[in-house]
Amino acid sequence: GGENNASSLLKSLINSKKDSDIKGVIIKINSPGGTVAMSQSIYNQIMKIRQEKPVVVVLDDTAASGGYYIASAADRIIAQGGTLTGSVGVIFSFMDFHELLTNKLFVDSVVIKSGKYKDLGSPTRAITKEEKALMQDVVNDSYDQFVEAIINGRVQRNDNYSAEKTVLTESELRKYADGRIFTGRQAKKIGFVDTIGDIDTAKDTIEKMAQEKFNNNYSAKLVK
């Protein structure tokens with residue numbers, strides 16, 4: 001959802017990490033994505049929780065781009081067969097209607113700026129080759145961070161949980177990290193998710209993982 005939902009999730013994750021009575025965390029994601037920075041904040045918090053207690057992510061209707069970025073930090077990812085996920089990539093887009101303004105409507109744009117890149121992406125003029133190269137560098141760096149996060153969170157997972165685990169190799173990740181989307185069933189075949197299931201599957205999975213993590217030394221109770 002929007003920024004408020006993301007902020008609420010981040011707050012809940014922080015509280016879940018602090019609360020020693022919580023032995024496992026389930027996160028349900030239904031999002032087409034979001035900003036890189038917020039995705040990173042949530043991802044980093046999940047990675048911290050994972051060091052102390054198991055984390056399972058359930059993908060709902062859609063968990064793409066930033067939604068999958070977040071999911072990749074979990075110990076296990078569960079999705080419905082028809083879930084839409086993937087879309088690993090970064091995009092910036094700009095409208096350019098300067099010819100319509102100048103040639104058809106005879107409207108000129110006057111810009112006063114402090115630096116030559118301050119109006120980069122303005123729809124009232126064509127983007128220059130230099131500006132396009134600059135933005136491509138930004139996109140490439142953001143993309144590299146995205147892929148590195150999936151490698152750290154998912155490809156390099158090393159745990160002893162008995163819960164179903166589908167392996168994602170770095171070569172497979174890079175092969176499919178081109179912006180394409182998958183169904184949950186397709187994603188499982190290539191290692192982007194671990195199990196086909198729903199929230200009940202996640203509950204069963206997290207309970208088993210918590211029992212293994214804490215040697216059954218706790219009283220199971222699901223708290224929403």
Side-chain angles (χ1 to χ4, degrees), residues 5-31 33-34 36-60 63-79 83 85-86 88 145-170 172-173 177 184 187-188 191-218 220-224:
N5 285 340
S7 298
S8 297
L9 172 58
L10 185 59
K11 183 178 179 179
S12 295
L13 290 173
I14 293 172
N15 292 335
S16 296
K17 182 178 183 298
K18 293 178 180 178
D19 192 338
S20 60
D21 290 333
I22 294 177
K23 303 302 182 183
V25 177
I26 298 174
I27 304 167
K28 189 175 183 181
I29 297 177
N30 186 20
S31 171
V36 174
M38 180 56 81
S39 298
Q40 289 175 331
S41 295
I42 297 172
Y43 170 97
N44 290 336
Q45 192 59 42
I46 295 173
M47 291 290 282
K48 291 176 182 177
I49 295 173
R50 196 169 104 174
Q51 296 174 10
E52 302 178 14
K53 58 194 77 175
V55 181
V56 172
V57 161
V58 185
L59 309 185
D60 202 2
S65 195
Y68 188 78
Y69 194 129
I70 293 168
S72 69
D75 292 294
R76 296 293 186 272
I77 302 176
I78 297 171
T83 296
T85 189
V88 176
Q145 293 180 51
F146 196 159
V147 172
E148 288 169 9
I150 300 175
I151 291 173
N152 293 334
R154 185 161 183 83
V155 174
Q156 297 179 348
R157 284 181 302 173
N158 183 21
D159 63 66
N160 297 316
Y161 297 122
S162 61
E164 183 178 7
K165 180 180 181 180
T166 305
V167 174
L168 175 64
T169 64
E170 184 173 344
E172 284 291 279
L173 168 61
K188 185 181 187 310
F192 274 64
V193 305
D194 297 292
T195 306
I196 298 300
D198 53 19
I199 190 67
D200 290 329
T201 310
K203 293 174 184 177
D204 292 339
T205 301
I206 199 71
E207 184 171 353
K208 291 176 182 177
M209 293 170 72
Q211 288 172 346
E212 293 171 358
K213 177 72 173 182
F214 298 101
N215 299 314
N216 296 306
N217 187 25
Y218 75 97
K221 181 180 179 182
L222 185 66
V223 179
K224 187 173 182 181

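As a basis for the values below, the full set of heavy atoms in this structure was taken, side chains included, without hydrogen atoms, waters or symmetry mates.
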Checklist entry - With sequence neighbours excluded, what pairs up with T205 under the side-chain contact (heavy atoms from CB on, under 4.5 Å) test? => result V56, I78, A163, T201, M209
Next on the checklist: Can you list everything that forms a side-chain hydrogen bond (donor to acceptor under 3.5 Å, both in side chains) with T195? Sequence neighbours excluded, please.
Outcome noted: E164
Item to check | Spatial distance of atom NZ (K165) from atom CD1 (I77) [nearest 0.5 Å] | outcome: 12.0 Å
Checklist outcome for this item: Sorted by chain and number, sequence neighbours left out, salt bridge (charged side-chain N to carboxylate O under 4.0 Å, His left out) with E170 holds for R174
Checklist outcome for this item: The complete set of salt bridge (charged side-chain N to carboxylate O under 4.0 Å, His left out) pairs with one or both residues in residues 64-78, sequence neighbours excluded, reads R50-D75, R76-D159
Checklist outcome for this item: For A63 and T85 the tightest heavy-atom approach is O-OG1, 2.6 Å
Item to check | Smallest separation among heavy atoms of V147 and A177, with atom names | outcome: CG2-CB, 4.4 Å
Checklist entry - Would you call K53 and F214 a side-chain contact if the rule is heavy atoms closer than 4.5 Å? => result yes
Next on the checklist: Test of understanding: with side-chain contact (heavy atoms from CB on, under 4.5 Å), list the residues that count as partners of L13, not counting sequence neighbours.
Outcome noted: L9, V25, I27, I42, Q45, I46, I49
Next on the checklist: Please find the pair of heavy atoms, one from D21 and one from D19, that lie closest to each other, and give the distance.
Outcome noted: N-OD1, 2.9 Å
Checklist entry - Would a 4.5 Å heavy-atom cut-off, applied to side chains only, mark S65 and V88 as touching? => result no
Item to check | Residues forming a side-chain contact (heavy atoms from CB on, under 4.5 Å) with D204, sequence neighbours excluded | outcome: none
Checklist entry - At what distance, to the nearest 0.5 angstrom, does CG of L59 lie from CD1 of I70? => result 11.0 Å
Item to check | Those residues that, when tested against Q40, pass side-chain hydrogen bond (donor to acceptor under 3.5 Å, both in side chains) (two or more places apart) | outcome: Y69, Q145
Checklist outcome for this item: By salt bridge (charged side-chain N to carboxylate O under 4.0 Å, His left out), K17 pairs with (sequence neighbours left out) E52
Next on the checklist: To check you understand the geometry: which heavy-atom pair defines the closest contact between S39 and G66, and what is its length?
Outcome noted: OG-CA, 3.6 Å
Next on the checklist: So, taking the atom named CD1 in I26 and the one named CD in E207, what distance separates them when rounded to the nearest 0.5 Å?
Outcome noted: 9.5 Å
Item to check | Minimum side-chain heavy-atom gap D60-T83 below 4.5 Å | outcome: no
Checklist outcome for this item: Residues passing the side-chain hydrogen bond (donor to acceptor under 3.5 Å, both in side chains) test with S162, sequence neighbours excluded, are E212
Checklist entry - Can you tell me how far CZ of F192 sits from CG of L168, rounded to the nearest 0.5 angstrom? => result 5.5 Å
Checklist entry - Who pairs with D194 by salt bridge (charged side-chain N to carboxylate O under 4.0 Å, His left out), at least two apart in sequence or on another chain? => result R154, R157
Item to check | Any D198 side-chain heavy atom under 4.5 Å of V58 side chain | outcome: no
Item to check | Test side chain to side chain contact (heavy atoms under 4.5 Å, CB included) applied to Y43 and I150, step by step | outcome: CA-CA 10 Å; Y43 170 97; I150 300 175; over 6 Å; no
Checklist entry - With sequence neighbours excluded, what pairs up with T169 under the side-chain contact (heavy atoms from CB on, under 4.5 Å) test? => result V167, S171, E172
Checklist outcome for this item: What one should report as the nearest heavy-atom pair of A74 and V57 is CB-CG2, 3.5 Å
Next on the checklist: According to salt bridge (charged side-chain N to carboxylate O under 4.0 Å, His left out), who are the partners of D200, at least two apart in sequence or on a separate chain?
Outcome noted: K203
Checklist outcome for this item: Between S72 and A149 the two heavy atoms that sit nearest each other are OG-O, 4.2 Å
Item to check | Crowding at NZ, K28 (>12 non-hydrogen neighbours, <6.0 Å) | outcome: no
Checklist entry - How long is the gap from OH on Y161 to NZ on K213, to the nearest 0.5 Å? => result 4.5 Å
